[in-house]
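One structure below.
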Amino acid sequence: MKNNNKNDLLQIYRTMKTSRYFEERMEKAYLEGKQPIFNIGAGPVPGEMHLSNGQEPAAAAMIVHLTKDDTVTATHRPHHQAIAKGVDLKKMTAEIFGKKTGLGKGKGGHMHLFDPTVKFSCGGIVGAGIPHAVGAALANKKKGEDWVAVAFIGEGAANSGAFHESLNLAALWNLPFILVVEDNSWGISVAKKNSTSVPSNDIRAKAYGIKGYLVKDNDPVEMYKVSKEAVDRARNGGGPSIIEIETYRFLGHFQGDPELYRNKEEVPTLRGKDPIERLKNHLLKENLATPAEISALENKVYEVVDDAYEFAIHSEYPEPNEALEDVFC
Amino acid sequence: MKNNNKNDLLQIYRTMKTSRYFEERMEKAYLEGKQPIFNIGAGPVPGEMHLSNGQEPAAAAMIVHLTKDDTVTATHRPHHQAIAKGVDLKKMTAEIFGKKTGLGKGKGGHMHLFDPTVKFSCGGIVGAGIPHAVGAALANKKKGEDWVAVAFIGEGAANSGAFHESLNLAALWNLPFILVVEDNSWGISVAKKNSTSVPSNDIRAKAYGIKGYLVKDNDPVEMYKVSKEAVDRARNGGGPSIIEIETYRFLGHFQGDPELYRNKEEVPTLRGKDPIERLKNHLLKENLATPAEISALENKVYEVVDDAYEFAIHSEYPEPNEALEDVFC
Amino acid sequence: METIKAKKDKIRKLTGSKAMVQALEQELVRDKNIIVMGEDVGKYGGIFGSTTGLYDKFGPERIMDTPISETGFIGAAIGAAAAGLRPVVELMFVDFHGVVMDQIYNHMAKIHYMSGGNVKLPIVLLTGVGGGYSDAAQHSQTLYASFGHLPGMKVVAPTFPEDIKGMLIAAIRDDNPVVFMFHKTLQGLGWMDQLQASLGPVPEDAYTIPLNKAKVVREGKDVTIVGVQMMTIEALNAAGKLAERGIDAEVIDLRSIKPIDKETLLKSVAKTNRLVVVDEDYLSYGITAEISAIMASEGFHHLKSPIVRLAIPDVPIPYSRVLEKYVIPDAQDIINAVENMITV
Amino acid sequence: METIKAKKDKIRKLTGSKAMVQALEQELVRDKNIIVMGEDVGKYGGIFGSTTGLYDKFGPERIMDTPISETGFIGAAIGAAAAGLRPVVELMFVDFHGVVMDQIYNHMAKIHYMSGGNVKLPIVLLTGVGGGYSDAAQHSQTLYASFGHLPGMKVVAPTFPEDIKGMLIAAIRDDNPVVFMFHKTLQGLGWMDQLQASLGPVPEDAYTIPLNKAKVVREGKDVTIVGVQMMTIEALNAAGKLAERGIDAEVIDLRSIKPIDKETLLKSVAKTNRLVVVDEDYLSYGITAEISAIMASEGFHHLKSPIVRLAIPDVPIPYSRVLEKYVIPDAQDIINAVENMITV
Ligand SMILES: Cc1ncc(C[n+]2csc(CCOP(=O)(O)OP(=O)(O)O)c2C)c(N)n1
Ligand SMILES: Cc1ncc(C[n+]2csc(CCOP(=O)(O)OP(=O)(O)O)c2C)c(N)n1
Ligand SMILES: [Mg+2]
Ligand SMILES: [Mg+2]
């Protein structure tokens with residue numbers, strides 16, 4: 001167990017680092033063709049771009065408990081979960097670049113990544129992925145498998161009708177379902193206190209007679225523990241849980257967000273508590289990894305991500321008339 | 001206060017009795033033209049018909065605390081609330097008969113009764129009336145008036161997304177809003193235990209940081225007390241509440257419901273606890289009214305209802321091409 | 001009826017709802033991955049009889065009553081389909097689609113496309129449509145075009161029991177999302193208008209009918225009348241009366257709202273040169289619009305007189321019988337239109 | 001522009017979004033019962049700039065940020081309107097309508113009718129539409145027809161800043177629910193394509209423009225091209241090029257999706273005898289369908305060749321630029337269509 005723990009924490013670190021480095025490259029790629037004049041539709045990566053820098057713990061520390069048979073649904077801000085779930089990074093990157101080799105042959109884009117081989121999906125409509133995970137959990141149960149389904153949402157989505165309907169269903173049918181709420185304090189420009197009538201959404205578990213957890217201060221280790229409990233319970237027929245984690249959004253809601261609604265101090269303060277640095281320090285302090293091991297791991301991460309970008313950048317665009325394909329099977 | 005209480009309880013009795021007698025006549029009117037062969041579209045009152053016999057306490061004992069400046073929104077089963085709110089009974093009956101003199105000139109029907117003079121509305125979509133009452137409460141607050149808004153729903157509607165979104169808004173904005181959940185155990189044929197993940201919806205108040213009440217066993221006196229507390233709080237800026245009341249559905253979901261899903265014993269048992277009889281006994285036992293007073297009151301009720309039916313039956317149908325009017329002002 | 005071998009099959013008269021139930025039952029037996037979900041589909045058997053008796057035969061694991069949470073359970077059907085089940089899910093009245101339209105058109109309809117064809121969603125969305133029995137503005141719509149407008153779903157609306165069974169089986173076996181609209185009045189329920197057309201011969205064995213084909217239900221040479229569901233029935237009634245007056249109308253039952261079977265329509269109008277489209281949905285942006293447009297662009301030279309559109313004028317459906325009757329087209333409206341069109 | 005007295009008024013060039021803000025600001029000052037609600041309409045000023053600066057001027061009591069609860073807050077707008085307020089409420093992208101369509105079409109649109117005219121709901125539903133910047137299948141739609149199909153709402157989609165201001169003021173003053181669609185690209189935002197058309201002269205004083213009138217934005221005699229919002233821009237571009245080739249196209253900016261201004265359309269086609277309709281919405285059951293149908297029924301004898309329909313072929317909107325460009329009609333598609341139609 002101790003050993004497991006070590007492997008798991010290293011895996012969490014690897015995932016967080018992969019996500020972070022992936023997104024740092026994405027931030028740059030996104031700006032190509034958008035300077036000096038920003039135009040959302042220009043450059044190799046057009047459209048909206050929602051990055052999750054700072055929010056990595058929720059995804060990494062939950063999904064380390066899952067296998068490829070477990071389902072994850074995510075949101076408009078899906079990279080960290082997708083990476084944690086083991087989505088094919090090359091195809092994912094290619095998709096974001098709008099290439100034929102992408103997960104969706106260039107039809108989906110950054111908010112619409114689907115990799116059925118690892119049971120990952122996401123989408124651009126707030127709250128809409130929750131019932132999809134409930135449905136996967138239902139299918140798992142009907143098939144007699146011990147697979148679980150986890151939906152990730154932002155704290156803003158916790159005020160959507162889909163949240164309530166889905167949790168009631170999951171609780172009523174006692175499904176292997178977990179809802180992870182990433183509370184990054186903001187729904188675009190709307191602060192949590194202006195959107196949510198309770199301090200945290202774990203409280204809302206009571207409305208469904210299920211278990212609720214609150215993970216404070218973006219702590220990957222605590223998230224890891226709490227997630228284990230929730231996943232184990234779900235796998236063993238103990239039903240659903242809600243886990244809310246206080247997390248940090250280092251960047252704007254989307255790239256190009258002027259962020260006039262938040263205090264200039266907020267981001268530097270959050271960055272000072274970077275969960276990746278904190279986990280690294282924890283690994284070192286607890287002797288779970290040596291500096292050399294960490295560095296080897298990081299180099300590997302850079303290599304994998306760089307490969308994915310190479311692949312994406314050098315892939316072909318689809319032919320225009322491929323737009324007409326794939327409406328129906 | 002004692003005296004007030006007396007007047008209030010008599011008023012509640014009057015309302016309940018009016019509703020009951022109104023619906024007993026409706027039950028008969030509805031069957032006209034539908035015998036020996038039942039055809040939902042036949043007779044003077046075609047379409048669906050949802051009666052509330054047995055459910056009168058929720059409406060009567062809440063609305064006795066309201067004035068015509070307070071708003072009530074109701075559901076597909078709206079007669080008892082409409083009557084309690086003081087909706088013009090003649091026009092309401094005429095509407096249900098599809099007459100030109102009806103509240104909606106025959107365009108609305110039994111599920112769509114609108115009387116803006118007493119701020120009453122209802123509708124056929126489960127859950128949809130909740131945000132309307134929240135909006136009325138918002139308007140009241142913005143205008144600086146102490147008017148409250150009350151939404152009535154069934155326990156089935158408490159699992160709709162509209163429930164959650166509306167309560168969160170009402171709590172967040174601290175609005176003078178009250179949600180009354182009439183738990184009649186059934187959403188058509190689906191038992192509460194097969195639709196709702198918690199035993200009662202007052203529990204769900206915790207998900208919004210507001211006050212929740214549970215009134216057991218369809219008790220009009222208890223409903224009266226609890227409602228007073230909730231209305232007073234709302235009027236005084238103390239914010240929203242949820243009140244769930246266990247109530248009884250004597251009849252089928254709609255007229256013509258074969259009711260194969262419920263135990264043959266259920267209805268006789270419920271009828272044995274008829275809340276109207278119980279309140280009458282209470283009034284007599286506590287010396288709040290004499291038998292003669294009760295009987296006078298009842299005779300008056302019969303007269304008022306009979307007049308409304310007379311009016312409705314003798315009113316004209318609209319001209320066919322009036323169908324094209326009133327789409328826009 | 002393409003796949004029926006008449007010799008071997010028993011053929012019995014069934015109502016629309018019994019044809020649905022038979023289709024569902026045969027498919028539930030054939031494929032263990034099929035589940036049925038919806039409000040009151042269990043013991044009640046579906047408010048419009050679409051699942052009568054299935055609960056007793058297949059139990060609550062396969063025939064699942066749901067809370068009144070359409071976004072929840074139709075959204076769950078999407079997730080369950082992606083996970084390998086084949087959900088048949090009922091939206092009781094099409095009028096309620098607005099509480100769940102996001103799941104239907106942003107997810108159910110688009111995920112296959114957005115995933116580049118990698119995710120399949122074999123879902124059948126059953127839904128009851130239609131008015132004519134005073135159920136008023138929120139329970140009487142057909143909303144054919146609200147679904148037909150949006151890409152990614154097949155949308156069918158069969159009229160006759162034989163088509164209902166065959167198209168429902170085809171829908172269940174299709175790997176794409178199919179919106180299957182059944183018309184309440186054509187279900188042949190004991191408590192609604194008793195229409196002759198709601199009872200018809202249905203082969204006992206399972207068979208499929210293509211989801212993209214209109215059907216000529218009456219041949220004629222003077223004018224083409226296109227309808228769907230109750231409007232097909234009205235068109236047939238009108239055609240009967242028109243025949244007495246020497247006008248020979250061809251009647252086409254559209255059956256498929258999306259895609260529209262242009263070929264059958266164009267072929268008919270090439271012959272008759274006149275077109276009347278009748279719709280129980282709203283006029284603007286409805287079936288009368290789409291079919292007129294197909295003709296005005298692709299069949300322009302067939303037309304010898306203006307197309308006639310009959311539909312619900314752009315008003316909500318009123319409650320009172322006299323008002324509702326005024327807004328829903330009927331055989332007499334069709335007769336008037338055709339007589340106006342053709343100077344015999 | 002009916003109510004402008006040009007002498008007295010200052011006229012300045014404004015972008016689409018600034019025209020919206022000016023309209024809102026003038027009306028908010030005029031009528032204390034107006035409130036604005038929506039996601040990020042407060043400090044952020046609306047994701048597409050529809051409310052920039054209003055929060056600072058009018059405060060959180062009148063410019064209200066909401067949770068992501070569209071059914072909740074648009075439903076609340078209905079209740080608030082019935083209680084005497086005049087809410088202007090923003091649905092950030094029209095693509096999200098499916099989470100709240102029930103409130104919109106079963107309640108906002110029908111209550112006035114169902115109440116026999118007794119309840120008035122003066123609500124403006126602002127919503128952003130359109131693609132062309134790779135925002136993919138769930139953020140690029142226009143869904144004009146999804147709203148136009150349903151009775152009880154006025155639905156407008158102005159193109160030019162002058163119309164945007166005047167029609168928004170008219171919408172706010174209207175006692176009926178009005179769906180006001182603004183096209184993202186026509187807002188003239190600093191972070192999107194910079195279109196010349198998104199900046200235009202706008203009179204400073206308040207004025208209204210009727211909600212039910214199309215506008216001839218280019219006169220011509222050879223062919224009528226009808227567009228709306230970005231498709232009007234494409235049509236004007238096409239007309240410019242066609243002129244060089246000796247084809248004189250008339251371009252009509254539809255402006256109102258519901259009701260459609262038949263008169264202006266019929267008059268134009270009576271003159272040109274040829275019709276091309278261009279739509280950024282899906283083809284089936286869309287604007288091309290409705291306008292073609294109007295012509296094929298009421299303007300049949302004006303037509304001398306088949307109508308041409310250009311719209312998004314019935315596919316979800318793909319992400320990749322090459323794919324998206326392929327499905328959205330543009331000036332070149334229009335030119336090709338017109339040249340095919342007219343043998344010069
Ligand atoms: C139904 C719906 N409403 C609104 C939006 C627009 N929108 C996109 S992201 C977002 C904020 C989401 O906040 P939260 O759930 O906290 O997630 P975060 O962006 O913070 O990760 C909004 C309002 C949407 N995509 N879908
Ligand atoms: C959104 C929506 N879904 C389904 C229905 C169909 N329906 C009408 S009433 C009803 C049951 C309502 O149950 P409950 O809320 O408990 O009210 P009750 O009928 O018991 O008074 C259902 C499912 C509807 N009208 N609206
Ligand atoms: Mg957030
Ligand atoms: Mg109930």
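Letters A, B, ... are given to chains in the order of the sequence lines, protein chains preceding strands, and every chain is numbered from 1. Predicted, not measured: the structure shown is a model, and the values here were computed from it.
Taking 4.5 Å as the limit, every side-chain heavy atom of D/Y133 sits out of range of all side-chain heavy atoms of A/N39. Within the 4.5 Å cutoff, no side-chain heavy atoms of D/V99 are placed close to those of A/S160.
Within the 4.5 angstrom heavy-atom criterion, only backbone atoms of A/K105 (N, CA, C, O) approach chain D. Neither the backbone nor the side chain of A/A162 comes within less than 4.5 Å of any heavy atom in chain D. Only the side chain of A/V126 comes within contact range of chain D, with heavy atoms under 4.5 Å apart. Both the backbone and the side chain of A/N321 come within contact range of chain D, judged by heavy atoms closer than 4.5 Å.
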Under 3.5 Å, sequence neighbours excluded: what are the donor-acceptor pairs made by side chains of residues 35-45 of chain D?
residue : atom : partner : partner atom : Å
D/D40   : OD1  : A/S189  : N            : 2.8
D/D40   : OD1  : A/S189  : OG           : 2.6

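Among all heavy-atom pairs drawn from A/H112 and D/A137, the shortest one is CE1-N, 4.2 Å. Taking all atoms of both residues into account, the shortest heavy-atom contact from D/M192 to A/I40 is CG-CG2, 3.8 Å.
For residues 261-270 of chain A, a heavy-atom distance under 4.5 Å to chain D picks out A/Y261, given by residue number. Close approach to chain D, defined as a heavy atom under 4.5 Å from one of its heavy atoms, is seen in A/F254, A/D257, A/P258 of residues 244-260 of chain A, taken by number.
Your options are D/P318, D/G98, D/G190, D/P313, and the one with the most heavy-atom pairs under 4.5 Å with chain A is D/P318. No other option in A/M111, A/K99, A/E325 has as many heavy-atom pairs under 4.5 Å with chain D as A/M111. Heavy-atom pairs under 4.5 Å with chain D peak, among A/I37, A/D326, A/V327, A/I125, at A/I125.
The ring-ring contact (aromatic ring centres under 6.0 Å, His included) check on D/Y144 picks up nothing, with sequence neighbours excluded.
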Candidate pair A/N194 and D/D65, rule side chain to side chain contact (heavy atoms under 4.5 Å, CB included), full reasoning: CA-CA 8 Å; A/N194 292 327; D/D65 275 335; 5.6 Å; no

